[in-house]
Amino acid sequence: MPKFYDIIVAGGGLAGLTASIILSKKFKTLLIDPDDYPRHKLCGEYLSNEVIEVLSDLGISFSRLGAVSIDRLEYTFHKKELSSLLPLGGTGISRYTLDQALFNQFQNEENATFLQGKVTAVTQYNDQFTITCGDDTFTSKQFIMATGKRSLLDKKLERPFIKTKSPWLAVKMHYDYDMPDDLVGLHAFDGGYAGISKVEGNKVNLCYLATYESFKTHKDVDTFNNKVLSKNVKLHHFFKNATACWDKPITISQISFDKKRPVENDILMIGDTAGLIHPLCGNGMAMAIHSAVLASKAIIPYLENKTDRHSALMNYSKQWNHHFKSRLKMGRWLQTILLNPSYTRIAYRLLGWFPWMLPIIIKRTHGKRVRL
Ligand SMILES: Cc1cc2nc3c(=O)[nH]c(=O)nc-3n(C[C@H](O)[C@H](O)[C@H](O)COP(=O)(O)OP(=O)(O)OC[C@H]3O[C@@H](n4cnc5c(N)ncnc54)[C@H](O)[C@@H]3O)c2cc1C
């Protein structure tokens, strides 16, 4: 296996895969991820249509993968209900299928190399990055970190967000459940909210975010589902009628929504590694893919010796802030409202009087359609 690459990407989720496909069309690219494909991942699996053309340019055919079209949102809070058309709409597809499809595209590229493993260290010397993975070391002209919400590398690089404990955990499971294909449900409960929507194969994905504070008095996920989530009438109906497809759900903890930076130590950060938007916006996957496109476009002139590294990194940083900074802010603001019952009641009343405000709020958390 070669030791030198133009680009090394750590993390083969949506961000890492997108950047790796784009860059391996021209440059020797090494993608490193600890897991083989396909694999289930914690995610609401509602993909905003803003990146649909990018994915299709990368060779993804949603109809062949059996994805469903989603264009309606239903929001519930205890017994109250609001609904809205989704301005851009979305696509329901599992990460199991989407990540595998992207990985297949990457493997078709002549300059692509995949290594199953974990990047444990990165150093920069003489304008090159040296990456450690197990007992091996590799060097590259540029390093991209796409390691998701939280990783060992964040700790190694002493990124500020890693030092604070996060009060969030998340749970995901696929079910058999009868619901319309075109609907995404966002259902609030005490201490969190759950998203329910269809993916390929007529399966329904339930994914929720909850605070430790609300979870800790309950022994396990089943008890929490029955005692807390089921107080919401829609979730009560869901748990009464849905059949779980797996033995146990996927769970993760320590989900941080703290501010991060898109460039640190000369490393390009993409996807959740650069910043995680609150899941209620249903936009993290699109942002991961879009940020990978921005980072790839910014670094290509450097790899072609047409600009210096500093200018390329500054360009990416500028683009990232332009496209995502205000969305993340809006997401933080919405989450504060959604998790405070008094604020939610006021917001619910306002939206009852002025229903046209809901699509406007949704638009503020999303971008425009993106192309490669
Ligand atoms: C509860 C919840 C619900 C959500 N629902 C939605 C939704 O409905 N729609 C939406 O658009 N977004 C949603 N999101 C957000 C979305 O899941 C993320 O924004 C998206 O997965 C980000 O992709 P990524 O490629 O940055 O990271 P990931 O997909 O997490 O990929 C990171 C990869 O890096 C690998 N890795 C980690 N450490 C290392 C290492 N040291 N070396 C090598 N590889 C490493 C990991 O194994 C992983 O494969 C949700 C998030 C949460 C928490």
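Just so you know, ligand 1 is whichever comes first in the structure, and atom 1 is the first atom listed for that ligand. Both backbone and side-chain heavy atoms feed into the values below; hydrogens, waters and symmetry mates do not.
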Under 3.5 Å between some N or O of ligand 1 and some N or O of [X]?
X	answer
Tyr208	no
Gly284	yes
Gly271	no
Tyr46	yes
Val119	yes
Thr273	no

So, does [X] sit close enough to ligand 1 that a heavy atom of it is under 4.0 Å from the ligand?
X	result
Met287	no
Val184	no
Leu14	yes
Leu47	no
Leu152	no

Indicate, as side chain, backbone, both or neither, the part of [X] found under 4.0 angstrom from ligand 1 when only non-hydrogen atoms are considered.
X	result
Lys172	neither
Arg39	side chain
Ala15	both
Asp99	neither
Ser48	neither

Inset, instruction - If the plane angle is over 60° it's perpendicular, under 30° parallel, otherwise tilted; pick one for Phe238 and Tyr175. - result: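 It falls in the perpendicular class, over 60°.
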
Legend entry - Closest to atom 21 (O) of ligand 1 (judged by heavy-atom distance), picking from Met285, Arg150, Arg95: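 Selected option, by shortest heavy-atom distance: Arg95.
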
Inset, instruction - Counting heavy atoms only, name the option from Gly12, Pro34, Ala10 that's nearest to atom 45 (C) of ligand 1. - result: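 The option holding the nearest heavy atom is Pro34.
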
Inset, instruction - Scan side-chain atoms only and decide if Ser230 and Asn225 contain a donor-acceptor pair under the 3.5 Å cut-off. - result: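 No - no donor-acceptor pair under 3.5 Å links their side chains.
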
Testing [options] for side chain to side chain contact (heavy atoms under 4.5 Å, CB included) with [X], which one passes?
X	options	answer
Leu268	Thr273, Val9, Ile299	Ile299
Tyr177	Lys203, His237, Lys198	His237
Ser197	Leu183, Leu186, Val184	Val184

Run the salt-bridge test on [X] and [Y] with the 4.0 Å N-O cut-off and return the result as yes or no.
X	Y	value
Asp272	Lys260	no
Asp127	Arg309	yes
Asp35	Lys41	no

Legend entry - Lys141 NZ/CZ over Tyr302 ring centroid, <6.0 Å and within 45° of normal: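 Yes, a cation-pi geometry holds between Lys141 and Tyr302.
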
Legend entry - Note, Phe138 side chain near Leu115 side chain (heavy atom, < 4.5 Å):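 Phe138 reaches Leu115 side chain to side chain.
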
Inset, instruction - May I ask you to identify the nearest protein heavy atom to atom 50 (C) of ligand 1, giving residue, atom name and distance to one decimal place in Å? - result: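 Result for atom 50 (C) of ligand 1: Pro279 CB, 3.9 Å.
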
Inset, instruction - Starting from atom 17 (O) of ligand 1, locate the nearest protein heavy atom and write down its residue, its atom name and how far away it is, to 0.1 Å. - result: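 For atom 17 (O) of ligand 1, the nearest protein heavy atom is Cys43 SG, 3.2 Å.
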
Legend entry - Interfacing atoms of ligand 1 (cut-off 4.0 Å, heavy-atom, Lys149):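 The list of qualifying atoms is 53 (C).
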
Inset, instruction - Pull out every atom of ligand 1 sitting under 4.0 Å from any heavy atom of Ala146, numbered as shown with elements. - result: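 Contacts of ligand 1 toward Ala146, numbered from 1: 32 (C), 33 (C), 34 (O).
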
